[in-house]
Structures are given as C-alpha cells and as structure tokens.
Amino acid sequence: MSTNKTKKIQEDMHPADVIAALHKRGTSLRKIAHENGYSHIQRVLTRRWLAAEQLVAKALDTSPEALWPSRYLDPQDRALAFRQTRKIAVTMPQAPAKTTRPRASPKKPH
C-alpha cells in the first residue's frame, strides 16, 4: 500500500481563455500593450514576463498568480524577475500650451 500523497497543482489559464476573458471585458492584448507603451505583449501567454503578466491580470481584476500559478512556484525566481524588470515611468501627455499673440495696437492716422 502506497502512502504517496499527490498534491494537486492548479494549472495555468489556457492562452485562449485569457484572450476570451479580455474580450469579454472589452479589451485585448494589443490594446493593453499600446496603452502601456509596448508594441505587443502576446508573448505573455506562453512565456514569463513579469510586467505584462501584471498588466493582463489588472485588466482581468485578478492577480498574475491566479492566471499563471506555475510561474510563481519559486519565490527566488520571481524575485529575480522583479529585479530585472524594466521600470517604466508613466507620464500623462501634456496639453499643448496656448500661445497668446500680442494684440495689435490700433493704427494711428498720419
């Protein structure tokens, strides 16, 4: 008799399910990427990418750990990812400054 206990590990969310969940919320990977200064973030569906994982999770009102639990099993691995992640300064576009033209003085008769 074996007393080998198996621990059930939650599987990562399937890429198609992530895309479908985003579409249900009226957004997409492309839209999330462009809104956050990336040209694309599709790679997040199959590879570890800390910044993109956080963006997708935020769009789905969940945590990256809930979407991709296998990527968060080793805390040291995630700590390394945090150190290597490029920090992006988010700035809001400034409205163009209004230029005022000096008023022309009324012409004096000669």
Sorted by chain and residue number, the side-chain contact (heavy atoms from CB on, under 4.5 Å) partners of Q54 (sequence neighbours excluded) come out as L50, P64, F82

All heavy atoms of A66 vs all of T62, minimum pair found to be CB-OG1, 3.3 Å

### Task
Please say whether more than 12 non-hydrogen atoms of neighbouring residues, nucleotides or ligands are located less than 6.0 Å from NE2 in H40.
no

Correct closest heavy-atom pair for A57 and L67 would be CA-CD1, 3.8 Å

Hits for side-chain hydrogen bond (donor to acceptor under 3.5 Å, both in side chains) against S63, two or more places apart or cross-chain, chain-then-number order -> E65

Here the gap from L60 atom CG to T27 atom OG1, rounded to the nearest 0.5 Å, amounts to 9.0 Å

Across all chains, not counting sequence neighbours, the side-chain contact (heavy atoms from CB on, under 4.5 Å) partners of K58 are none

Applying side-chain hydrogen bond (donor to acceptor under 3.5 Å, both in side chains) to R30 and not counting sequence neighbours gives none

Between the CG atom in L45 and the CE atom in M13, the distance rounded to the nearest 0.5 Å is 10.5 Å

Here the pair of heavy atoms bringing E53 nearest to R47 is OE2-O, 4.3 Å

Self-check item: Worked verdict on R43 versus L29 for side chain to side chain contact (heavy atoms under 4.5 Å, CB included)
Solution: CA-CA 10 Å; R43 180 174 58 110; L29 288 172; over 6 Å; no

How about S28 and L22: do any of their side-chain heavy atoms sit closer than 4.5 Å?
no

Residues 43-74 vs ring-ring contact (aromatic ring centres under 6.0 Å, His included), sequence neighbours excluded, gives Y38-W49

Residues 17-26 vs side-chain hydrogen bond (donor to acceptor under 3.5 Å, both in side chains), sequence neighbours excluded, gives R25-D61

CD1 (I32) and CG (L55) are apart, to the nearest 0.5 Å, by 7.0 Å

